[in-house]
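Every chain is numbered from 1 and lettered A, B, ... according to where its sequence line falls, protein lines coming before strand lines.
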Protein chains: 2
Amino acid sequence: MRLFKSSEYAIRCLVFMAISECDLCPVQQLATELNIPFKFLGRLMGRLRAAGFVESVRGKHGGYRIAKPLEKIRLEAIIDTVEGLDTYDRCILGFDRCDEENPCPLHDFWKSPKAGIQEMMAQVTLADMVQAKGKKLS
Amino acid sequence: MRLFKSSEYAIRCLVFMAISECDLCPVQQLATELNIPFKFLGRLMGRLRAAGFVESVRGKHGGYRIAKPLEKIRLEAIIDTVEGLDTYDRCILGFDRCDEENPCPLHDFWKSPKAGIQEMMAQVTLADMVQAKGKKLS
DNA sequence: TCTATATTCTACCCGGAGGTAGACATTGCG
DNA sequence: CGCAATGTCTACCTCCGGGTAGAATATAGA
Ligand code: SF4
Ligand code: SF4
């Protein structure tokens with residue numbers, strides 16, 4: 001299971017902003033606190049803004065804040081925005097079209113782990129992550 | 001969940017050879033039947049040979065054959081040989097060291113899917129795949 | 001011995017993810 | 001106004017997985 005680095009960054013930033021006291025988080029703060037390359041994160045935050053997860057305020061004392069109710073931000077949506085969900089649909093042996101009628105030799109073994117992953121991504125929201133007891137972000 | 005293309009190729013070739021009637025499979029045959037780039041597969045088979053999964057016969061009428069009992073070839077071992085297992089240890093948020101004491105916000109949600117994947121990789125052998133009802137390989 | 005069919009080895013190309021640099025635009029505040 | 005702090009945009013670099021090309025080597029069989 002490999003998320004793109006960008007997806008990791010996005011999740012960690014969103015959780016950090018959701019937990020954080022302050023309203024607006026400048027990229028500099030996120031990059032420093034979460035140990036993420038500054039310039040790289042700048043671009044990533046732009047994409048999260050375009051996707052509607054966060055909104056930005058420009059100029060001095062500007063920054064980013066979360067733009068939707070936490071329970072409406074699903075893990076799946078974050079990952080879809082950042083890296084796409086293709087690799088999760090086209091599963092372990094990578095065939096385009098395969099079904100229960102014509103499965104690969106791994107299908108029966110892979111079915112249940114696959115379902116576990118997909119369910120997790122579809123269910124877990126930012127609100128769940130904020131309420132989770134784990135808070136490690138760097 | 002994304003296996004490297006090389007891991008997919010390796011699994012498909014091993015299952016094919018295990019099922020196949022013929023003793024020795026030349027790379028040309030594997031590449032054609034399974035629709036895998038010929039030259040690329042040549043190198044990959046070399047690595048599978050170095051790892052002891054298959055043995056080769058050079059010269060005319062040569063090719064590859066499986067070199068171990070099918071039940072001793074675990075999915076985990078194949079993947080480890082081809083792409084390494086690093087990405088499966090360092091899990092979803094990619095932290096080097098994290099434990100139950102100091103987990104990330106996704107730990108509790110991710111724990112069970114992760115265990116499912118690892119168990120599957122550790123348990124399933126080539127013999128299991130050969131006996132599985134699914135036979136789609138391309 | 002010669003040829004066709006194999007593996008094996010080395011070198012190179014391509015595209016995408018991750019990362020860096022710098023210019024530019026916007027805005028609060030002294 | 002003018003400076004400093006911020007987001008925004010574009011161009012470039014590096015690494016690596018995937019893929020291609022071709023020569024070298026080995027061997028069965030005519
Ligand atoms: S047959 Fe099943 S396990 Fe195999 S690639 Fe298709 S969906 Fe995935
Ligand atoms: S805290 Fe748990 S889920 Fe998060 S990266 Fe560590 S092992 Fe994985």
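Put simply, NZ on A:Lys60 is 17 Å from P on D:dC1, counting in whole angstrom units. The CG atom of B:Leu44 sits 16 Å away from the C1' atom of D:dT20 (whole-angstrom rounding).
Within 4.0 Å of B:Gly63, counting heavy atoms only, lie sugar-phosphate atoms of the nucleic acid but no base atom.
Under a 3.5 Å cut-off, the side chain of B:Arg49 and the backbone N or O of B:Ser56 do not form any donor-acceptor pair. Put simply, the side chain of A:Arg74 gets close to the backbone of A:Ala122: a donor and an acceptor are under 3.5 Å apart. Between the side chain of A:Asp128 and the main chain of A:Thr125, a donor-acceptor pair closer than 3.5 Å is present. Counting only distance, with no hydrogens or angles, the side chain of A:Lys135 and the backbone of B:Pro103 share no donor-acceptor pair below 3.5 Å. Remark: side-chain polar atoms of B:Arg2 are paired, donor with acceptor, to backbone N or O of A:Arg2 under 3.5 angstrom.
Judged as a salt bridge (charged side-chain N to carboxylate O under 4.0 Å, His left out), the pairs with a partner in residues 18-32 of chain A (not counting sequence neighbours) are, in order, A:Asp23-A:Arg65.
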Could you walk me through whether B:Gln29 and B:Phe16 pass the side chain to side chain contact (heavy atoms under 4.5 Å, CB included) test, one step at a time?
CA-CA 11 Å; B:Gln29 181 189 9; B:Phe16 181 88; 4.2 Å; yes
Let me see the working for B:Leu75 and A:Leu106 under side chain to side chain contact (heavy atoms under 4.5 Å, CB included), right down to the final yes or no.
CA-CA 10 Å; B:Leu75 191 52; A:Leu106 271 171; 3.9 Å; yes
I'd like to know whether B:His107 forms a side chain to side chain contact (heavy atoms under 4.5 Å, CB included) with B:Glu100, so could you lay out the CA-CA distance, the side-chain angles of the two residues, the decisive distance to 0.1 Å, and finally the verdict.
CA-CA 8 Å; B:His107 184 80; B:Glu100 294 284 341; 3.0 Å; yes
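For the side chain to side chain contact (heavy atoms under 4.5 Å, CB included) criterion with A:Tyr64, the lone passing option out of A:Val57, A:Leu24, A:Leu48, A:Val27 is A:Val27.
Boundaries of the chain B contact region on DNA chain C are C:dA4 to C:dA11, first to last in 5' to 3' order (nucleotide atom under 4.0 Å from a heavy atom).
The stretch residues 46-55 of chain B touches DNA chain C through B:Arg49, each having a heavy atom within less than 4.0 Å of the strand. For the segment residues 76-86 of chain B, the set of residues with a heavy atom within less than 4.0 Å of an atom of DNA chain C is empty. A heavy atom lying under 4.0 Å from DNA chain C marks the following residues of residues 3-26 of chain A, by number: A:Phe4, A:Lys5, A:Ser6, A:Tyr9. Of the residues in residues 30-41 of chain B, those placing a heavy atom less than 4.0 Å from an atom of DNA chain D are B:Pro37, B:Lys39, B:Phe40, in numerical order.
By the neighbour-count criterion of 12 heavy atoms within 6.0 Å, atom CG of A:Asn35 is sparsely surrounded, having that number or fewer from other residues, nucleotides or ligands. For A:Lys72, the NZ atom counts as loosely surrounded, since its 6.0 Å shell holds 12 or fewer non-hydrogen atoms of other residues, nucleotides or ligands.
You'll find the side chain of B:Met121 reaches within 4.5 Å of the side chain of B:Leu85, heavy atoms only.
Judged by distance alone with a 3.5 Å cut-off, no donor-acceptor contact links the side chain of A:Arg58 to the base of D:dT8.
We find the CE-CD1 distance between B:Met129 and B:Ile19 to be 10.5 Å, quoted to the nearest 0.5 Å.
A donor and an acceptor atom, one from each side chain of B:Ser7 and B:Glu83, are located under 3.5 Å apart.
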